[in-house]
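These figures come from a predicted structure and were not determined experimentally. We name chains A, B, ... by the order of the sequence lines, and we start the count at 1 in each one.
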Amino acid sequence: MKSTQRKRSNEIHYGSTDKALHVTTDQATSMKDQVVDLIEQSIRAIQAEGMLPEGELPKPQVDHTRDPKHGDLATNAAMVLAKKAGMPPRDLAAAIIERLPQNNMITKCDIAGPGFINFHISQASNIAVVETILTTSEEYGRSNEGQGRRVQVEFVSANPTGPLHVGHGRGAAIGDALCRLLDNAGWSVHREFYYNDAGQQISNLALSVKARIDGVEPGDTTWPADGYQGDYIKDVATAYQNKQTVNAADRTVTASGDAVDVANIQAFSVAWLRREQDEDLKAFDVNFDCYFLESSLYTSNAVEKTVETLIDNQFTYEQDGALWLRTTDFGDDKDRVMRKREGGYTYFVPDVAYHHNKWERGFERVINEQGADHHSTITRVRAGLQGLKTDISEGWPEYVLHQMVTVMRDGEEVKLSKRAGSYVTLRDLIDWVGRDATRYFLTARAATSQLTFDIDLALSKSNENPVYYIQYAHARICSVQRKALEQFGQWTAADGIQHLELLNSSEEQSLALVLSKYPEVLAGATKRLEPHAVANYLRDVAAEFHSFYNAHKIMEADEGISLARLALATATQQVIASGLRILGVSAPEAM
RNA sequence: GCGCCCAUAGCACAACUGGAUAGUGCACGUGCCUUCUAAGCAUGAGGUUCCAGGUUCGAGUCCUGGUGGGCGCGCCA
């Protein structure tokens, strides 16, 4: 597996196969890690005996089994190493088992199929995760892999020409979940929103508002070409005429009301739509540390300097009156124009300058969450950065691209077109199905998959949204805890730890097992930048809990059993609340 | 024509990045509320993982070539 991530000061290889999944926390080592350790010891012993060559060997895998008949954990070590050892996998498996160090966690291990080694874990070891969860509390699932290093995540980055649409919503949901995952893994996360407040699109915006002020409507002969036709343009015009003051997150503008002052109209319109987007984001509970203006790259001369450096480094040439960047030197399929014949720069030039700025701000990692329709910019931006001849590595910045969101309404597709002015907004979704369901739907699927958001379905079945399944488990646990308070008076989850050995049913054991996977699920989701894994995992946790809940009464006659089950339920509650927090979904105490 | 992404049950999607008998939710069949929340549980049916080759102990996953869909391929952003 190859990864062209960073090569600056601290060496990190996110793609490396070993260690990458190692959960670096101070908490008790997981069952899986312990088994990995045992197998490694055994293999070293075999190497010492000369049955396996010294030096580097293929890395065996240890996985949770799908089928309980295969025990709890399984390794392919014997199959992977059979060739090196020159012996049949099953024979090698026997040798590995023979040399496993003594331990009280494994009750049985056997050889199965082509040479798998299956490990059966004792119930006591399995249920012990409940104690780990309760005692490490909010630390459970956290790691310190990031070690406080700085990562910047740029997402949404919508231009202020209209309210956010569902595509932005997907970006907001995924981007924010990525931030929460990285924060959970010990990174210092900086959320940034980049937008253009001065280009052609913004001129069109100002002209559209001015047209509305002048009483011109879309379709009239004097309506501006490429004007924004949405009704919100009328609202901006009215607010402007009323000389309103607009407070957006990053700017405040008061309208003069002067119908011919295009500069003021433009400034006011940008602020008005920025505020509109702020409200969309607020309704979605997404916040940013910084709003970065494309225009600032011009006023600071960053764009000029970038161009000069690229010229000095001889990656450019003049042709047909334009200035070209030899992006083909860096894997592009054709060279790209930087400076147009009439003088202006193409859009990717400030983009390069912007990313150089990010680099100079010291972000060790930068992750850009964008719609897949912008994927062609990746090559250009990276090529531009390489052309600057700094020590930026080829794979910097990283990208997470989400595929299109198709919105179905009344059985037909609604085209997402900001310029046409007719599209479903993020706020529409939130109003219809709620923030939690919107967040969940938009993060529960892999970013690489196209997403069909069927509004009619979401409307008609709003009570059957999968997010409620998870929230319901949380609310149920809260309800039981309230009952326990009535029954026991003073009571804490820790009281049940000493009775955990009473939890020997398959439902209780299965629930504990799924809870024990939480740290590695988070580690995997963080490493692969795939928050949807968390959503899927939470559904599994909820399913195991509901099964447990239906099979066993928590508040039993026997106090020890009650306390033990309360401990298990509380550990479950903690994991669900933690996972939902990463997705930005609330964990209600009652439903 | 070229590049990127995708193709898995009727529908929408998973599958711990190469592991054992491919799972979950809707929808469909059958049971379960006098008992901590039935927004729940149990159970059944539903599959040639788009097609054809290849790599190896082993392929939904990797490689090659097709087919079908989305996006991009501008001196627009």
*Asks:* Is U17(B) in the syn or the anti form, by the rule that syn lies within 90° of 0?
*Replies:* syn
*Asks:* Please tabulate the protein-to-nucleotide N/O contacts below 3.5 Å involving nucleotides 40-42 of chain B, giving atom names and distances.
*Replies:*
{"from": "G40(B)", "atom 1": "O2'", "to": "Arg476(A)", "atom 2": "NH1", "distance (Å)": "2.9"}
{"from": "G40(B)", "atom 1": "O2'", "to": "Asn550(A)", "atom 2": "ND2", "distance (Å)": "2.9"}
{"from": "C41(B)", "atom 1": "OP1", "to": "Tyr469(A)", "atom 2": "OH", "distance (Å)": "2.5"}
{"from": "C41(B)", "atom 1": "O4'", "to": "Asn550(A)", "atom 2": "ND2", "distance (Å)": "2.9"}
{"from": "C41(B)", "atom 1": "O3'", "to": "Ser547(A)", "atom 2": "OG", "distance (Å)": "3.4"}
{"from": "A42(B)", "atom 1": "OP1", "to": "Ser547(A)", "atom 2": "OG", "distance (Å)": "2.7"}

*Asks:* So, is Lys334(A) near the phosphate of G74(B), with a side-chain N or O under 4.0 Å from OP1 or OP2?
*Replies:*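 It does, given that an N or O in the side chain of Lys334(A) lies less than 4.0 Å from OP1 or OP2 of G74(B).
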*Asks:* Looking at G18(B), does its base get a donor-acceptor pair with the side chain of Gln61(A) below 3.5 Å?
*Replies:*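 In this structure, the two groups form no donor-acceptor pair.
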*Asks:* Between C1' on C13(B) and OH on Tyr537(A), what's the gap in Å once rounded to a whole number?
*Replies:* 20 Å
*Asks:* Contact class for Leu451(A) (heavy atom, under 4.0 Å): base, sugar-phosphate, or nothing?
*Replies:* sugar-phosphate
*Asks:* Both atom distances under 3.5 Å, Watson-Crick or G-U wobble: I'd like the secondary structure of RNA chain B as a dot-bracket string, with | for pairs made across strands.
*Replies:* (((((((..((((.....[...)))).(((((.......))))).....(((((..]....))))))))))))....
*Asks:* What is the nucleic acid contact for His374(A), judged by heavy atoms within less than 4.0 Å: base, sugar-phosphate only, or nothing?
*Replies:* base
*Asks:* Can you tell me how far P of C71(B) sits from NE2 of His375(A), to the nearest Å?
*Replies:* 12 Å
*Asks:* Quick check with a 6.0 Å cut-off and a 45 degree axis cone: is Arg274(A) positioned over the face of Tyr195(A)'s six-membered ring?
*Replies:*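 Yes, cation above the ring, under 6.0 Å and within 45°.
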*Asks:* Distance criterion of 3.5 Å, no angle test: do you see the side chain of Asn76(A) paired donor-to-acceptor with the base of G19(B)?
*Replies:*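 Answer is yes: a donor-acceptor pair is held.
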*Asks:* Counting any heavy atom closer than 4.0 Å, what does Glu530(A) reach on the DNA or RNA strands: base, sugar-phosphate only, or nothing?
*Replies:* base
*Asks:* Would you please confirm or rule out a distance under 4.0 Å between OP1 or OP2 of A14(B) and any side-chain N or O of Ser449(A)?
*Replies:*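 Result: yes.
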*Asks:* Does C4(B) adopt a syn or an anti glycosidic conformation, taking syn as a chi angle within 90° of 0?
*Replies:* anti
*Asks:* Compare side-chain N and O positions of Arg66(A) against OP1 and OP2 of G19(B) and report whether any pair is under 4.0 Å apart.
*Replies:*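 False: Arg66(A) side-chain N/O out of range (4.0 Å or more) of G19(B) OP1/OP2.
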*Asks:* Crowded around Gln481(A) CD? As in, over 12 foreign heavy atoms under 6.0 Å?
*Replies:*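 Yes - once you tally the heavy atoms of other residues, nucleotides and ligands closer than 6.0 Å, there are more than 12.
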*Asks:* Looking at Lys83(A), I'd like to know whether one of its side-chain N or O atoms comes within less than 4.0 Å of OP1 or OP2 on C57(B).
*Replies:*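 Checking C57(B) against Lys83(A), a side-chain N or O does come within under 4.0 Å of OP1 or OP2.
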*Asks:* State which residue, out of Val352(A), Leu310(A), Val303(A), Thr306(A), fulfils the side-chain contact (heavy atoms from CB on, under 4.5 Å) condition with Met338(A).
*Replies:*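 Exactly one option meets the side-chain contact (heavy atoms from CB on, under 4.5 Å) with Met338(A), and it is Leu310(A).
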*Asks:* Under 4.0 Å, heavy atoms only, any strand: does Asn118(A) hit a base, just the sugar-phosphate, or nothing?
*Replies:*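 Here Asn118(A) touches the bases of the nucleic acid.
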*Asks:* On the ring face of Phe441(A), is Arg170(A) found with NZ or CZ under 6.0 Å from the centre and within 45° of the axis?
*Replies:* no
*Asks:* Fit a plane to each ring of Trp324(A) and Tyr317(A), take the angle between them on a 0 to 90° scale, and name the class: parallel (under 30°), tilted (30 to 60°) or perpendicular (over 60°).
*Replies:*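 Geometry flag for Tyr317(A) against Trp324(A): parallel rings.
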*Asks:* Aromatic rings His355(A) and Tyr399(A): how do their planes relate, parallel, tilted or perpendicular, breaks at 30° and 60°?
*Replies:*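 If you compare the ring of His355(A) with that of Tyr399(A), the planes turn out tilted.
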